[in-house]
Amino acid sequence: MKKFRSRWFRIGLEGATTDGRKIERTWLEEMAASYNRDTYGARINVEHIKGLSPESQFGAYGDVLALKTEEVEVGGENKLALFAQIQPNDALLALNKKGQKIFTSMEIQPKFADTGKAYLIGLAVTDSPASLGTEALEFSAQHGTLTSRKQDKDNLFSAAEEAALEFEEVTEQSSAFKELAARVKALFTKGKETEANFGDMGDAVTALVEFAEKQQAALDSYSAESTTLGDKFTALEAKVTELEVKLGTTQDHSQQPRPSVSGSGQQILTTY
């Protein structure tokens, strides 16, 4: 089965108003730095509704693979934005082809587990940004309209961001390469230009290059071995052919010769 992943797209922005609270810059930084699917993988849903049945239209629509932050200019101001890369399932791909559910809204847990830091625990797709926008969320804070959809009462939903979802087919990589790529990604997303981080980044890039060199060396070695094996096979095939010819023309002395058969006139007609 083919796997797809999205290009990076914006899912959140610092300062966006949500149910009376502001999305803090530090939340975005913490979510990008700490997101790990092995710790807790954020799933994609519709309108923040999580259905129990896998056949429901409110089932899961994919997973968030990675997060990063970038500075963007909005309304003449520089703000920190959170970008995501997701892996859609067939249901989300079908919606995307129809041009539906083109907005996304985050579910943020400001203090995740025992870390005390913000974490992205869910991402919703929606067609109606107003239903998850500032006004609706502020109304929800007072009347509890969306409270039942939260995993925790202290969580908040972000105002919906328009998402330019573009998907590309995933090419499988070896696990070693995936680990190295993840290290490099993590270092770049930290965005802290310290001497230690540059040292770590250099080590990761060096390891990545060495891995690529080893792969190329292994490929060259395999090619050389294939050529050698081919030559050996050709020589062996020639020897087998020669042996077949010899065996076909060599008398087997372990077999008793057939007796001569005489015809009329004392002439020998057959011999072995």
Does [X] reach the side chain of [Y], with side-chain heavy atoms less than 4.5 Å apart?
| X | Y | value |
| --- | --- | --- |
| L82 | R10 | no |
| F103 | V125 | no |
| T26 | E14 | no |
| R5 | I86 | no |
| Y61 | N45 | no |
| I23 | I108 | yes |
| N155 | P110 | yes |
| L65 | R37 | yes |

Heavy-atom pair with the smallest gap, counting every atom of [X] and [Y]:
| X | Y | result |
| --- | --- | --- |
| A42 | G122 | CB-N, 3.7 Å |
| I121 | Y40 | O-CE2, 3.5 Å |
| A118 | S34 | O-OG, 3.8 Å |
| S6 | A84 | OG-O, 4.2 Å |

How long is the straight-line distance from [atom2] of [Y] back to [atom1] of [X], given to the nearest 0.5 Å?
| X | Y | atom1 | atom2 | value |
| --- | --- | --- | --- | --- |
| M106 | H48 | CE | NE2 | 9.0 Å |
| E71 | N78 | CD | CG | 6.0 Å |
| K79 | T69 | NZ | OG1 | 15.5 Å |

Check whether N89 reaches the backbone of L92 with its side chain - one donor and one acceptor, N or O, closer than 3.5 Å. yes

Sub-3.5 Å donor-acceptor pair from the side chain of E107 to the main-chain atoms of L123, do we have one? no

Heavy atoms of other groups near K117 NZ, more than 12 under 6.0 Å: no

Take K22 and E24 through the test salt bridge (Lys or Arg N to Asp or Glu O under 4.0 Å) and record every step on the way to the result. CA-CA 6 Å; K22 297 281 187 179; E24 304 290 342; over 6 Å; no

Which is it for F83 and L28 under the side chain to side chain contact (heavy atoms under 4.5 Å, CB included) test, yes or no, and what are the steps along the way? CA-CA 9 Å; F83 288 76; L28 302 183; over 6 Å; no

Do Y119 and Y35 have ring centroids that are under 6.0 Å from one another? yes

Among side-chain atoms of T126 and E47, is any donor-acceptor pair under 3.5 angstrom? yes

Do you see a donor-acceptor pair shorter than 3.5 Å between the side chains of Q87 and D63? no

Verdict with supporting geometry, T104 and F9, side chain to side chain contact (heavy atoms under 4.5 Å, CB included): CA-CA 10 Å; T104 61; F9 65 97; 4.0 Å; yes

